[in-house]
Amino acid sequence: MTDKVIQRYNAAERINHWIVAVCFVLLAISGLAFFYPAFFWLTGVFGTPELARIVHPFVGVVMAVAFGRQFFRYWHHNLLNREDIRWMLSVKEVMKGNEVGDIGRYNGGQKAMFWVMVLCVAALLGSGVIAWRPYFAASFPIPVIRIALLVHATSALALIASIIVHVYAALWVQGTIRAMVEGVVTHAWAKKHHPRWYREMTGKKL
Amino acid sequence: MTSSSLDIQRRSATPTTAPEARNPTEIAQLIDVSVCIGCKACQVACSEWNELRAEVGTCVGVYDNPTDLSSQAWTVMRFAEVEENGKLEWLIRKDGCMHCSDPGCLKACPTPGAIVQHKNGIVDFNQDLCIGCGYCVSGCPFNVPRLSPKDGKAYKCNMCSDRVAVGLEPACVKTCPTGAIQFGSKEDMKEVAATRVADLRSRGFDNAGLYDPPGVGGTHTLYVLHHADKPELYSGLPKDPSISAAVALWKGALKPLATLGIAAAGLFGFFHYITVGPNRADDDTHADAHADTQGEDRS
Ligand code: HEM
Ligand code: SF4
Ligand code: SF4
């Protein structure tokens, strides 16, 4: 391959990302099985339904910790600015494949997605611990556990829908998966989707 | 454990209909609180028939022992000292599963068949299917199910469904020396209750009545109470129990909403890709890509 590439994620960041992703898939499979009677058979992925129930919260904690690491890596890249608002307001144009604005490392959509994930994971961790039997749930009053279960299922479903969008965006904008697999993106990719970041990384004028 | 000779009316986490053909009569257990002397023979009978042994506790200053329901104590007597009309009253209630017509435990349970409601009204847990999530504990408006610390599974009174299936009364009913617990068709039990309520009223308990709360569709454990207007007096029997709004929302509206949200996300992605097509920038890695197609709507 003759492309000139820019490093976007180093090995530690990529490992971190895929730990979160694998945990998420396991959590979504077991969680959806508890949520939808018609999908209860998905618990079979874990051996038995009871094992799925036991394993889920532990995987959740691993994911929450790994996601916490990502949060501290990236939060300062995800503060919204005026350019992001412009991006969000013109999201229709973006959907057609036309870039809008002088985008830095992340665009408005990516930043919004980041904060949705932060909110959901925080809510899932808090409510998940409250509902966690046999270790923690008994220390909470039953009305609190009821709210926790409602919050847990709601934020889980919101997160799953968001992750579908997240995965789709990575597939749609070609060359993006490579950033999280090999760690690099091409100059053309960076120039097109993140021009300001491209200039920062290469010192070039566009 | 459920008994296969009883017909099933409802099954947890099972949206399709239950067998419809046979229609056994609804049964009920009537607990006349005004006749109970708190001897705990029912507790012992329950423990004996179901082969349960709660740990020997210590006296906590009141007669309650064990002090709470557990996987080894499916029924406990609760003793309350209250002052009503200037007189001290000692109210004793046999606590345990109410066998609701609309059981919150069953609604909450995520495991197909771990909780069933028999056609005769008995709500029964199937421990071999139970995954120990404790949702039933949160779903129950009466705070009845308990997880076993040994196997993590949920247990509660099953109204001796094994005995009832072969035409016997529950063990507690058989044992009660005062006749404070009676058993029969729900209709008959309501009639018996009516005569008891009339008797109590004639003796000055103007608010005597039957506890058969409509918020849970009625129950199959019924109480005759001297103060039916204040059930809370009886160690916190809820006044107007129903499945909590949080549980109803979680097990109700949230499901179609969630389905809609996830389906929308998935379908959006699919149709977007097959109409707008991929967003490419790497011309040299995609020999077939045209530099100028990136921005165009090719649909
Ligand atoms: C962050 C740490 C997490 C913890 C501590 C946690 C804990 C729990 C617990 C205790 C339950 C009840 C069943 C069981 O005991 O296994 C549960 C259910 C569930 N979890 Fe999690 N979880 C976490 C993360 C997640 C994530 C990231 C998702 C989404 C992908 C998720 C989706 C679900 C769903 C859908 C249910 C079923 C809720 C229902 O029955 O309606 N959880 N979780
Ligand atoms: S009292 Fe609780 S455990 Fe018994 S049937 Fe009603 S909801 Fe279920
Ligand atoms: S603990 Fe068992 S019976 Fe209770 S809701 Fe969970 S699977 Fe159902």
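Letters go in sequence order (proteins before strands), and every chain restarts at 1.
- If you tally non-hydrogen atom pairs under 4.5 Å between each of Glu99(A), Met95(A), Glu50(A), His56(A) and chain B, the highest count goes to Glu50(A).
- At a threshold of 4.5 Å between non-hydrogen side-chain atoms, the residues Tyr135(B) and Phe34(A) count as touching.
- Options Pro112(B), Ala108(B), Gly261(B) differ in how many heavy-atom pairs under 4.5 Å they form with chain A, and the most are formed by Pro112(B).
- The CG atom of Leu149(A) sits 10.0 Å away from the OG atom of Ser244(B) when rounded to the nearest 0.5 Å.
- The environment of Arg53(B) atom CZ is dense: over 12 non-hydrogen atoms of other residues, nucleotides or ligands sit within 6.0 angstrom.
- Atom CG of residue Asn279(B) and atom NE2 of residue His193(A) lie 4.5 Å apart, to the nearest 0.5 angstrom.
- Atom OG in Ser12(B) sits 8.5 Å away from atom CZ in Phe40(A) (nearest 0.5 Å).
- Among Asn143(B), Thr14(B), Ile262(B), Leu254(B), the residue making the largest number of heavy-atom pairs under 4.5 Å with chain A is Leu254(B).
- Per-residue counts of heavy-atom pairs under 4.5 Å with chain A were compared for Phe270(B), Phe268(B), Trp250(B); the largest is that of Trp250(B).
- For a residue to count as touching a neighbouring chain, one of its non-hydrogen atoms must lie under 4.5 Å from one of that chain's; by this rule Pro49(A) touches chain B with backbone and side chain alike.
- Residue pairs satisfying the side-chain hydrogen bond (donor to acceptor under 3.5 Å, both in side chains) criterion with at least one member in residues 111-134 of chain A, sequence neighbours excluded, are listed as follows: Asp84(A)-Lys111(A), Ser127(A)-His152(A).
- Here CD1 of Ile142(A) is found 6.0 Å from OG of Ser138(B). Values are rounded to the nearest 0.5 Å.
- With a 4.5 Å cut-off on non-hydrogen atoms, Leu147(B) touches chain A through its side chain but not through its backbone.
- With a threshold of 4.5 angstrom between heavy atoms, Ala137(A) does not approach chain B through any atom at all.
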Chi angles and distances behind the side chain to side chain contact (heavy atoms under 4.5 Å, CB included) call for Trp172(A), Val276(B): CA-CA 10 Å; Trp172(A) 177 54; Val276(B) 175; 4.3 Å; yes
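- Closest heavy-atom contact between Ala265(B) and Ala161(A): CB-O, 3.7 Å.
- Using a 4.5 Å cut-off between heavy atoms, Cys140(B) contacts chain A through its backbone alone, with no side-chain atom that close.
- Arg146(A) places no side-chain N or O within donor-acceptor distance of the main-chain N or O of Val247(B), the cut-off being under 3.5 Å.
- Atom-to-atom distance recorded for Lys255(B):NZ and Phe35(A):CZ is 6.0 Å, nearest 0.5 angstrom.
- Note that CD1 of Ile131(B) and OG1 of Thr48(A) are 9.0 Å apart. Values are rounded to the nearest 0.5 Å.
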Side chain to side chain contact (heavy atoms under 4.5 Å, CB included) evaluation trace for Lys192(A) with Arg280(B): CA-CA 9 Å; Lys192(A) 177 165 192 238; Arg280(B) 292 196 177 105; over 6 Å; no
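- In this structure Tyr273(B) satisfies the ring-ring contact (aromatic ring centres under 6.0 Å, His included) test with no other residue, sequence neighbours excluded.
- For chain B, the option among Val173(A), Ile147(A), Leu51(A) with the highest count of heavy-atom pairs below 4.5 Å is Val173(A).
- Among the candidates Ala158(A), Pro134(A), Pro37(A), the residue making the largest number of heavy-atom pairs closer than 4.5 Å to chain B is Pro37(A).
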Step-by-step side chain to side chain contact (heavy atoms under 4.5 Å, CB included) determination, Thr259(B) to Tyr36(A): CA-CA 10 Å; Thr259(B) 311; Tyr36(A) 288 115; 3.0 Å; yes
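- The contact between Ile164(A) and chain B is made entirely by side chain atoms (from C-beta outward), counting heavy-atom distances below 4.5 Å.
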